[in-house]
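Quick notes on the structure that follows.
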Amino acid sequence: MRGFEGRVAIVTGSGQGIGAAIAQRLAQGGARVVLNDVVAERVAEACSKLGEQGYQAGYVASDIATTKGAQELVEYAKKTYGQVDILVNNAGIAKDRYLVKMSDEEWESVIRVNLSAQFLTCRAAARAMMERQYGRIINIASRAWLGGPGQANYSASKGGVVSLTRTLALELGKFQITTNAIAPGLIDTPLYRQLKPEVQERLAKTVPVQRVGTPAEVADAVAFFADDDAGYLNGQVLYVCGGRSVGSY
Ligand SMILES: NC(=O)c1ccc[n+]([C@@H]2O[C@H](COP(=O)([O-])OP(=O)(O)OC[C@H]3O[C@@H](n4cnc5c(N)ncnc54)[C@H](O)[C@@H]3O)[C@@H](O)[C@H]2O)c1
């Protein structure tokens with residue numbers, strides 16, 4: 001296992017699903033972890049689960065799609081643990097609908113939570129990372145950034161995440177801050193289980209490895225980019241999708 005001893009990591013949207021698995025993975029590697037979620041009870045519970053395992057963890061229940069919520073999160077990490085080394089932008093939502101039926105709210109809320117929030121947390125955390133000339137930013141995009149029917153809002157938001165990642169890699173590299181993205185495919189989480197069971201079954205058959213992935217498999221990819229030794233990986237998009245980015249099976 002790669003180590004994060006002495007590192008402080010923030011993981012947004014980590015009350016459940018992929019974010020909770022990432023927080024667990026980084027804590028197992030020795031990081032002090034700051035969890036976050038807009039659902040307060042959910043993040044409190046995820047944080048106490050880490051505490052029960054003997055890991056150092058705190059949390060901020062905030063909406064990171066607001067300037068205030070993003071700043072509070074970074075300030076908590078700095079105040080409590082003195083620094084921010086790793087930022088994982090994981091919080092995300094989906095509101096799928098075909099273009100002609102999609103409401104303004106469905107478009108705007110998905111762009112706000114999936115894309116604008118990543119800008120806000122990156123800006124707040126980058127300032128803290130620049131002071132120490134070290135940082136690892138990992139943005140959770142999606143294989144769906146390549147395009148998906150009924151996902152104009154989601155797909156565009158994740159395409160924006162890829163462009164944001166590539167731009168920050170250029171801007172922040174000189175401060176020894178790397179920025180990379182993970183593009184998960186179908187992962188078994190509460191978000192994925194919003195789909196009808198028959199749709200889940202049909203989709204799983206389109207994956208070359210013939211199954212959905214686990215949150216822990218995404219967390220391992222995050223740990224790869226978050227490692228001290230990953231300082232020459234910058235501006236990259238890593239697919240964790242069982243080969244579905246190559247084509248459906
Ligand atoms: N599950 C998949 O198949 C899949 C595939 C590709 C990408 N992703 C991406 O992975 C990430 C995590 O997805 P998941 O499946 O674990 O989702 P999830 O719905 O299970 O968990 C997401 C968490 O984010 C929180 N959240 C939402 N909006 C927030 C906000 N404004 N501020 C703070 N917290 C907020 C939610 O309350 C929830 O606890 C998302 O960015 C998603 O787009 C998921």
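Keep in mind the model is a prediction, meaning the values are calculated, not measured. We count ligands from 1, going down the list as the structure has it; atoms in each ligand are counted the same way.
- For the ligand labelled ligand 1, residue Gly69 lies outside the 4.0 Å heavy-atom shell.
- Test Leu87, Ile86, Thr179 against Ile138 for side chain to side chain contact (heavy atoms under 4.5 Å, CB included) and you get one pass: Ile86.
- Against a heavy-atom cut-off of under 4.0 Å, Pro190 is close to the following atoms of ligand 1: 20 (O).
- In this comparison of Gly17, Gly92, Ala144, Pro184, the heavy atom closest to atom 22 (C) of ligand 1 sits on Gly92.
- Salt bridge absent: Lys68 and Glu75 never bring a charged side-chain N and a carboxylate O closer than 4.0 Å.
- Considering backbone and side-chain atoms alike, Ile140 places every N or O at 3.5 Å or more from each N or O of ligand 1.
- Shown here for Gly15 and Ala46, the closest heavy-atom pair between the two residues is O-CB, 3.8 Å.
- Using a 4.5 Å cut-off on side-chain heavy atoms (C-beta onward), Tyr55 and Val33 make no contact.
- When heavy-atom distances to ligand 1 are checked against a 4.0 Å cut-off, Asn36 comes that close only through its side chain, counted from C-beta outward.
- A salt bridge does not link Asp228 with Arg136: none of the charged nitrogens is closer than 4.0 Å to a carboxylate oxygen.
- With respect to the salt-bridge test (charged N to carboxylate O, under 4.0 angstrom), the residues Arg211 and Glu217 qualify.
- For ligand 1, the polar-atom distance check finds an N/O of Lys158 within less than 3.5 Å of one of the ligand's N/O atoms.
- For the residue pair Val110 and Ala94, the shortest heavy atom distance occurs at CG2-C, 4.4 Å.
- Contact of the Asp85 side chain with the Met129 side chain is not registered, since no non-hydrogen atoms from C-beta on lie closer than 4.5 Å.
- Heavy-atom proximity to Ser142, at under 4.0 Å, picks out these atoms of ligand 1: 6 (C), 7 (C).
- In this structure the side chain of Tyr134 reaches within 4.5 angstrom of the side chain of Arg7, judged on heavy atoms.
- When hydrogens are left out, the protein atom nearest atom 17 (O) of ligand 1 is Leu191 CB, 3.4 Å; that is the closest non-hydrogen contact.
- For the residue pair Gln151 / Asp96, a side-chain donor-acceptor distance below 3.5 Å is found, with atom types taken as modelled.
- Residue Ile18 touches ligand 1 through backbone and side chain together, judged by heavy-atom distances below 4.0 Å.
- Distances between N or O atoms of Ile64 and those of ligand 1 include at least one value under 3.5 Å.
- For atom 3 (O) of ligand 1, the closest non-hydrogen atom on the protein side is Ile187 N, 2.8 Å.
- Remark: minimum distance from atom 23 (C) of ligand 1 to any protein heavy atom is reached at Gly13 O, 3.4 Å.
- Of the protein's heavy atoms, Ile93 CG2, 3.9 Å lies nearest to atom 27 (C) of ligand 1.
- Remark: the Thr178 side chain and the Asn234 side chain contain no N/O donor-acceptor pair separated by less than 3.5 Å.
- Atom 12 (C) of ligand 1 has Asn90 OD1, 3.2 Å as its closest protein atom, hydrogens excluded (heavy atom only).
- A donor-acceptor contact under 3.5 angstrom links the side chains of Gln53 and Gln24, judged on distance only.
- Cation-pi geometry between Arg25 and Phe4 is not satisfied (NZ or CZ under 6.0 Å from the ring centre, within 45° of the ring normal).
- Partner Ile10 forms a side chain to side chain contact (heavy atoms under 4.5 Å, CB included) with one of Asn36, Val88, Val74 and no other, that one being Val74.
- Neither the backbone nor the side chain of Ser14 comes within 4.0 Å of ligand 1, counting heavy atoms alone.
- Of all atoms in ligand 1, listed by their number and element, those nearer than 4.0 Å to a heavy atom of Leu186 are 3 (O).
- Contact atoms of ligand 1 toward Asp63: 30 (C), 31 (N), 32 (N) (distance under 4.0 Å to a heavy atom of the residue).
- Of the protein's non-hydrogen atoms, the one nearest atom 20 (O) of ligand 1 is Gln16 NE2, 2.9 Å.
- Among Gly213, Pro215, Gly185, the residue whose heavy atom lies nearest to atom 5 (C) of ligand 1 is Gly185.
- The pair Glu105-Lys95 meets the salt-bridge criterion, with a side-chain N (NZ, NE, NH1 or NH2) lying under 4.0 Å from an Asp/Glu carboxylate O.
- Of the N or O atoms in Asn114, none lie within a sub-3.5 Å distance of an N or O in ligand 1.
- On a distance-only criterion, Val38 and ligand 1 share at least one N/O pair closer than 3.5 Å.
- Considering Ala183, Ala91, Ser116 only, the shortest heavy-atom separation from atom 26 (N) of ligand 1 involves Ala91.
- Using a 4.0 Å cut-off between heavy atoms, Arg42 contacts ligand 1 through its side chain alone, with no backbone atom that close.
- Interface of Val39 with ligand 1, defined as ligand atoms under 4.0 Å from a residue heavy atom, comprises 37 (O).
- Among all heavy-atom pairs drawn from Leu238 and Ala221, the shortest one is CD2-CB, 4.0 Å.
- Side-chain contact between Gln16 and Thr189: absent, with no pair of heavy atoms (C-beta onward) separated by less than 4.5 Å.
- Within the 4.0 Å heavy-atom criterion, the part of Val113 lying near ligand 1 is the side chain and not the backbone.
- Looking from atom 14 (P) of ligand 1 to the surrounding protein, the closest heavy atom is Thr189 OG1, 3.6 Å.
- Side-chain contact annotation: Asn139 with Thr165, donor-acceptor N/O pair under 3.5 Å present.
- The shortest separation from a heavy atom of Ala94 to ligand 1 is not under 4.0 Å, leaving the residue out of contact.
- Against a heavy-atom cut-off of under 4.0 Å, Tyr154 is close to the following atoms of ligand 1: 6 (C), 7 (C), 8 (N), 9 (C), 42 (C), 43 (O).
- Considering both main-chain and side-chain atoms, Asp37 comes within under 3.5 Å of ligand 1 through a nitrogen or oxygen pair.
- Geometrically, ligand 1 and Arg143 share no nitrogen or oxygen pair separated by less than 3.5 Å.
- Of all atoms in ligand 1, listed by their number and element, those nearer than 4.0 Å to a heavy atom of Ser62 are 32 (N), 33 (C).
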